[in-house]
*Asks:* 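Next up is a structure, given as C-alpha coordinates.
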Amino acid sequence: MIGRSRPAGRHRDGQAHIPVYRRVWDGPGRAEAEVLGNASPGWAVLYSLSMRRFFALCAWPSPQPVMISDATAEGLEQRMREAETLLILRMPLSESLGRAA
(Lines give C-alpha, C1' and ligand atoms only; values in the text may rest on other atoms or scores of the structure.)
Protein backbone atom coordinates (compact mmCIF):
# COMPACT_ATOMS: atom_id res chain seq x y z
CA MET A 1 0.00 0.00 0.00
CA ILE A 2 2.72 2.47 0.82
CA GLY A 3 4.27 3.99 -2.26
CA ARG A 4 1.48 2.99 -4.66
CA SER A 5 -0.62 5.72 -6.21
CA ARG A 6 -4.33 5.12 -6.45
CA PRO A 7 -7.07 6.98 -8.24
CA ALA A 8 -9.35 9.15 -6.11
CA GLY A 9 -12.52 7.48 -4.87
CA ARG A 10 -13.55 4.41 -2.96
CA HIS A 11 -11.40 1.41 -3.71
CA ARG A 12 -9.92 -1.75 -2.30
CA ASP A 13 -7.05 -3.82 -3.56
CA GLY A 14 -8.23 -5.98 -6.43
CA GLN A 15 -11.55 -4.18 -6.92
CA ALA A 16 -12.60 -1.61 -9.48
CA HIS A 17 -12.46 2.12 -8.80
CA ILE A 18 -15.80 3.63 -7.74
CA PRO A 19 -16.21 7.41 -8.05
CA VAL A 20 -17.37 9.19 -4.90
CA TYR A 21 -20.28 11.61 -4.93
CA ARG A 22 -19.13 15.04 -3.76
CA ARG A 23 -21.65 16.41 -1.28
CA VAL A 24 -22.21 20.15 -0.99
CA TRP A 25 -23.16 20.76 2.63
CA ASP A 26 -25.89 23.32 3.21
CA GLY A 27 -25.76 24.71 -0.32
CA PRO A 28 -28.69 27.15 0.08
CA GLY A 29 -27.15 28.80 3.16
CA ARG A 30 -23.78 29.15 1.49
CA ALA A 31 -25.43 30.58 -1.63
CA GLU A 32 -27.36 33.15 0.43
CA ALA A 33 -24.13 34.21 2.16
CA GLU A 34 -22.42 34.65 -1.21
CA VAL A 35 -25.29 36.76 -2.59
CA LEU A 36 -25.33 38.94 0.54
CA GLY A 37 -21.55 39.32 0.40
CA ASN A 38 -21.67 40.42 -3.24
CA ALA A 39 -24.44 42.93 -2.47
CA SER A 40 -22.47 44.39 0.48
CA PRO A 41 -18.93 45.26 -0.66
CA GLY A 42 -17.93 46.64 2.76
CA TRP A 43 -18.51 43.31 4.45
CA ALA A 44 -17.12 39.78 4.37
CA VAL A 45 -20.11 37.45 4.76
CA LEU A 46 -19.69 33.82 5.79
CA TYR A 47 -21.98 30.90 6.57
CA SER A 48 -20.97 28.52 9.36
CA LEU A 49 -21.85 24.93 8.57
CA SER A 50 -21.34 23.74 12.14
CA MET A 51 -23.38 26.51 13.80
CA ARG A 52 -25.88 27.07 10.94
CA ARG A 53 -25.51 30.85 11.30
CA PHE A 54 -24.53 33.73 9.06
CA PHE A 55 -21.56 35.92 10.07
CA ALA A 56 -20.40 39.28 8.75
CA LEU A 57 -17.06 40.99 9.38
CA CYS A 58 -16.58 44.62 8.48
CA ALA A 59 -13.97 45.36 5.81
CA TRP A 60 -13.81 49.11 6.48
CA PRO A 61 -11.85 51.00 9.13
CA SER A 62 -13.54 51.07 12.52
CA PRO A 63 -12.38 51.81 16.05
CA GLN A 64 -12.93 48.16 17.01
CA PRO A 65 -13.37 45.00 14.96
CA VAL A 66 -17.02 44.49 14.01
CA MET A 67 -18.38 40.95 13.73
CA ILE A 68 -22.08 40.23 13.80
CA SER A 69 -24.16 37.09 13.34
CA ASP A 70 -27.74 36.02 12.87
CA ALA A 71 -29.65 32.83 12.14
CA THR A 72 -31.06 34.17 8.84
CA ALA A 73 -29.60 36.12 5.94
CA GLU A 74 -32.36 38.74 6.24
CA GLY A 75 -31.63 39.24 9.94
CA LEU A 76 -27.91 39.53 9.25
CA GLU A 77 -28.51 42.14 6.56
CA GLN A 78 -30.59 44.21 8.99
CA ARG A 79 -27.86 43.98 11.64
CA MET A 80 -25.25 45.01 9.06
CA ARG A 81 -27.23 48.15 8.21
CA GLU A 82 -27.62 48.95 11.93
CA ALA A 83 -23.86 48.60 12.46
CA GLU A 84 -23.16 50.90 9.51
CA THR A 85 -25.58 53.50 10.91
CA LEU A 86 -24.01 53.33 14.36
CA LEU A 87 -20.53 53.78 12.92
CA ILE A 88 -21.61 56.82 10.89
CA LEU A 89 -23.27 58.37 13.97
CA ARG A 90 -20.16 57.84 16.12
CA MET A 91 -17.71 59.09 13.48
CA PRO A 92 -16.45 62.68 13.84
CA LEU A 93 -17.96 65.10 11.31
CA SER A 94 -14.69 65.63 9.40
CA GLU A 95 -14.32 61.88 8.77
CA SER A 96 -17.97 61.36 7.83
CA LEU A 97 -17.68 64.10 5.16
CA GLY A 98 -14.55 62.59 3.70
CA ARG A 99 -12.20 65.05 5.48
CA ALA A 100 -13.60 67.94 3.44
CA ALA A 101 -14.61 70.00 6.47
Side-chain angles (χ1 to χ4, degrees):
M1 288 232 289
I2 297 176
R4 289 190 280 170
S5 64
R6 295 184 183 200
R10 293 190 181 129
H11 48 268
R12 291 187 180 162
D13 283 336
Q15 293 186 358
H17 166 75
I18 301 170
V20 177
Y21 170 74
R22 183 179 172 121
R23 180 175 295 196
V24 178
W25 296 98
D26 230 349
R30 293 168 64 179
E32 286 183 62
E34 184 176 354
V35 168
L36 186 55
N38 290 338
S40 306
W43 293 89
V45 180
L46 309 166
Y47 180 73
S48 171
L49 293 173
S50 62
M51 295 173 41
R52 304 266 197 256
R53 290 186 68 83
F54 294 89
F55 289 87
L57 299 103
C58 74
W60 24 266
S62 68
Q64 296 177 348
V66 178
M67 184 176 91
I68 53 178
S69 70
D70 201 282
T72 64
E74 295 81 17
L76 182 69
E77 185 174 16
Q78 180 180 357
R79 288 177 176 244
M80 290 164 55
R81 302 305 162 240
E82 290 170 2
E84 290 169 351
T85 303
L86 285 174
L87 182 71
I88 290 171
L89 292 175
R90 290 183 182 167
M91 191 180 305
L93 183 60
S94 62
E95 289 183 28
S96 64
L97 296 176
R99 299 183 193 267

*Asks:* Under the rule for salt bridge (charged side-chain N to carboxylate O under 4.0 Å, His left out), what residues qualify as partners of Glu34, not counting sequence neighbours?
*Replies:* none

*Asks:* Of all residues at least two apart in sequence or in a different chain, which pass the salt bridge (charged side-chain N to carboxylate O under 4.0 Å, His left out) check with Arg52?
*Replies:* Asp26

*Asks:* So Phe54 and Tyr47, would you call those rings parallel, tilted or perpendicular, with 30° and 60° as cut-offs?
*Replies:* tilted

*Asks:* Quick check on the hydrophobic clustering: are Met67 and Leu76 connected, directly or via other members, by side-chain heavy-atom contacts under 4.5 Å?
*Replies:* no

*Asks:* Give, for atom CG of Leu36 and atom CE of Met80, the distance between the pair rounded to the nearest 0.5 Å.
*Replies:* 4.5 Å

*Asks:* Filter on salt bridge (charged side-chain N to carboxylate O under 4.0 Å, His left out), then keep only pairs touching residues 38-50, sequence neighbours left out; what's left?
*Replies:* none

*Asks:* Using the test side chain to side chain contact (heavy atoms under 4.5 Å, CB included), find all partners of Glu74 that sit at least two apart in sequence or belong to another chain.
*Replies:* Glu32, Thr72

*Asks:* Considering residues at least two apart in sequence or located in another chain, which fulfil the salt bridge (charged side-chain N to carboxylate O under 4.0 Å, His left out) criterion with Arg81?
*Replies:* Glu77, Glu84

*Asks:* Could you grab the distance from atom CG of Asp70 to atom CZ of Arg79, nearest 0.5 Å is fine?
*Replies:* 5.0 Å

*Asks:* Would Trp25 and Val45 show up in the same hydrophobic cluster when neighbours are defined by side-chain heavy atoms closer than 4.5 Å?
*Replies:* yes

*Asks:* Would you please name every residue forming a side chain to side chain contact (heavy atoms under 4.5 Å, CB included) with Arg53, sequence neighbours left out?
*Replies:* Met51, Phe55, Ser69, Ala71

*Asks:* Above 12 or not: heavy atoms from other molecules or residues under 6.0 Å from CH2 of Trp60?
*Replies:* yes

